[in-house]
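Just so we're on the same page: letters track the sequence lines, and every chain starts at 1.
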Protein chains: 2
Amino acid sequence: MRKEDWTKAFPPLQQLPPETVERLRAGSLLVELPEGSRIFGPGQAPESFLLLLAGTIRVQQTSESGREIVLYRVHAGESCALTTACLMGYEEYQAEGIAETKVRAVAIPRLLFDDLIATSRAFRQFVFTAFSRRVTNLFRVIEEVAFERIDARLAQKLLALAGNNAQIVATHQELANELGSVREVISRQLNEFARRGWIKSLRGTVEITEKAALSRLAQHS
Amino acid sequence: MRKEDWTKAFPPLQQLPPETVERLRAGSLLVELPEGSRIFGPGQAPESFLLLLAGTIRVQQTSESGREIVLYRVHAGESCALTTACLMGYEEYQAEGIAETKVRAVAIPRLLFDDLIATSRAFRQFVFTAFSRRVTNLFRVIEEVAFERIDARLAQKLLALAGNNAQIVATHQELANELGSVREVISRQLNEFARRGWIKSLRGTVEITEKAALSRLAQHS
DNA sequence: TTCCGTATGTAACTAAGTCACCGAGGCGGG
DNA sequence: CCCGCCTCGGTGACTTAGTTACATACGGAA
């Protein structure tokens, strides 16, 4: 079986000198992870740097009381940079990464990763940029949790999860877990949204009927 | 005037080969920042990697409504790694860094930083470790804001700010800003603590009288 | 069709944040 | 010394968010 040329999936990697790309291709490992599998978490460290080819990873945190909050998602074409760096500095790491779908990824072993960082300016740029994006995102999360109202946050999340579709497949509990809130609160908010005619709520799904209204609520007011 | 040998202040840098250290010493800049100065923030990017020799930098975030939250502090002997990385990936960056005291720091210009990352494995280790620590810390902040009760968080913060002393010099407003809460809430909590005999509250200062009780409250219960 | 697990509804209560205002203390200018 | 002002803290009434403890409804498997 011919080794798939996955490097095409990462535009920034195209900038690398050909021999670097070759080294990457040769030294890294294609892995496939089933949906729902736990990729890393407290007491479980990935020993390599991950680049996602397909699927998404959800990075979340769980409190003692069982409440959860989603910190960010890693999509195809992105790297799990934050995580990896944390592991390289090996602090204990309390977030966990879950394969939200079946995931195909390239695993770059620690040594090769280190080597690439050392030799390729473009690769460094790639890694730092990914870092930067994640951290910026984390700051947003903190801002939202600390300062924004739950109705605005829920509206935002509904819009984000919907994308271009109008249908969102998620239970109230799952929505609560996205926001670090609890089911009852989300149920109440959704009922209020429904009462205003902004959404329709079926069992296990939400249908957006008034995107504009949600958007208005989402941007703060 | 002889150039001060600041490299002694950073044990990890002692591991570097002598010529690297020499390059660092020669290519970097000793800077001094007055108390209260804004070191970076939205629309203000530091063009170099900072290593703190003395003083502390407070990194915080401000909401539209004026509420604030302290994300972390950079102390002497530490680097402002997160920030710098963010800037290298140049995303817009909404946190700001304030010199909490007079600050002496070494500024490593971007090019030299990049060069050192490339050539020195020890330096990379140093930078990634610092990263890791910060990110781990950010995760803690998210967990606290999202899941912990304000009384427990306040107790924690009081203990942290006090260190070995019993006296904390801070107004209720400042304590609220530490936690991303508001003055009224903090006042109420402090009154309750005082009523229980755990603290004494003077104008602009708090004196801890029952450290043990605060500790108990701090670890969740 | 019945049963059972999951999803959602609801009410009463506590915790946290908001709003509006008050009063006390400290400090500088006259 | 007194006045006025400004910062700090206190308080009550109200809204929003989270907790506790149930009840009910849906939908697939037996």
Side-chain angles (χ1 to χ4, degrees), chain A residues 36 61-69 142-158 167-196 199-207 217-218 220-221, chain B residues 36 61-69 142-158 167-196 199-207 217-218 220-221:
Chain A
Q61 211 166 15
T62 306
S63 79
E64 306 177 36
S65 62
R67 277 169 65 187
E68 292 183 0
I69 184 168
I142 293 179
E143 195 177 333
E144 283 169 16
V145 172
F147 303 132
E148 253 158 66
R149 295 176 47 114
I150 196 73
D151 52 0
R153 293 177 58 211
L154 178 57
Q156 275 178 243
K157 193 51 102 173
L158 288 176
Q167 290 272 342
I168 299 153
V169 184
T171 65
H172 297 185
Q173 183 62 60
E174 284 164 351
L175 292 171
N177 289 347
E178 291 282 331
L179 300 175
S181 179
V182 296
R183 198 213 16 112
E184 292 87 329
V185 170
I186 300 302
S187 288
R188 280 202 280 261
Q189 296 294 337
L190 288 177
N191 283 343
E192 179 59 19
F193 289 178
R195 200 187 58 74
R196 296 186 194 168
I199 63 165
K200 273 184 198 132
S201 182
L202 296 267
R203 171 178 253 238
T205 74
V206 175
E207 185 188 340
L217 181 60
H220 146 241
S221 159
Chain B
Q61 213 165 15
T62 306
S63 80
E64 307 178 34
S65 62
R67 275 168 67 186
E68 293 183 2
I69 185 169
I142 293 179
E143 194 177 332
E144 283 170 15
V145 172
F147 303 131
E148 251 157 67
R149 295 176 47 117
I150 197 72
D151 52 359
R153 293 177 58 212
L154 178 57
Q156 275 179 244
K157 194 50 102 171
L158 288 177
Q167 290 273 341
I168 298 155
V169 183
T171 65
H172 297 184
Q173 183 61 60
E174 284 165 350
L175 291 171
N177 288 348
E178 291 282 331
L179 300 174
S181 179
V182 296
R183 195 208 24 107
E184 293 89 325
V185 171
I186 299 303
S187 288
R188 280 202 277 262
Q189 297 295 335
L190 287 177
N191 283 342
E192 178 61 19
F193 289 178
R195 200 188 59 72
R196 296 188 195 167
I199 63 164
K200 274 186 198 131
S201 182
L202 295 266
R203 170 177 252 240
T205 73
V206 175
E207 185 188 339
L217 180 60
H220 146 245
S221 160

Open item on the list: What is the separation between atom CG on A/Leu179 and atom P on D/dT16, rounded to the nearest whole Å?
Closed with: 18 Å
TODO: Could you check how far NE2 of B/His172 sits from P of C/dG17, rounded to whole Å?
DONE: 16 Å
TODO: Figure out the CZ/P separation between B/Arg149 and D/dG18, and round it to whole Å.
DONE: 13 Å
Open item on the list: Within the structure provided, determine whether B/Asn191 and B/Arg188 are in side-chain contact (heavy-atom separation under 4.5 Å).
Closed with: no
Task: Rounded distance in Å - CG (B/Asn191) to C1' (D/dG12) - done: 14 Å
TODO: Provide, to the nearest angstrom, the distance between the CG atom belonging to A/Leu175 and the C1' atom belonging to C/dT8.
DONE: 13 Å
- [ ] Kindly say whether A/Ala146 contributes a backbone atom to a donor-acceptor pair with the side chain of B/Arg67 at under 3.5 angstrom?
- [x] yes
- [ ] May I ask you to verify whether the side chain of B/Arg183 and the base of D/dG10 hold a donor-acceptor pair under 3.5 Å?
- [x] yes
- [ ] Write down the distance between CG (B/Asn177) and P (D/dC8), rounded to a whole number of angstrom.
- [x] 11 Å
Task: Polar pair under 3.5 Å, donor/acceptor by atom type, side chain A/Arg188, base D/dT15 - done: no
TODO: In whole angstrom, give the distance that lies between atom CG of A/Leu202 and atom C1' of C/dG9.
DONE: 16 Å
Open item on the list: Please classify the nucleic acid contact of B/Ser181 as base, sugar-phosphate, or nothing, using heavy-atom distances under 4.0 Å.
Closed with: sugar-phosphate
Task: 5′-ward residue of the pair A/Glu184/A/Phe147 relative to DNA chain C - done: A/Glu184
Open item on the list: Both A/Arg203 and B/Gly204 contact DNA chain D. Which one's nearest nucleotide lies toward the 5' end?
Closed with: B/Gly204
Open item on the list: My understanding is that only one of B/Val145, B/Ile69, B/Leu154 makes a side chain to side chain contact (heavy atoms under 4.5 Å, CB included) with B/Leu179; could you say which?
Closed with: B/Leu154
TODO: Salt-bridge test for B/Arg196 and B/Glu192: reply yes if a basic N is under 4.0 Å from a carboxylate O, no otherwise.
DONE: yes
Open item on the list: Between P on C/dT14 and CD on B/Gln189, what's the gap in Å once rounded to a whole number?
Closed with: 15 Å
- [ ] Using heavy atoms to find the nearest nucleotide of DNA chain D for B/Ala170 and A/Arg153 separately, return the residue whose nucleotide is more 5′.
- [x] B/Ala170
TODO: Report yes if the side chains of A/Phe193 and A/Val206 come closer than 4.5 Å at any heavy-atom pair, otherwise no.
DONE: no
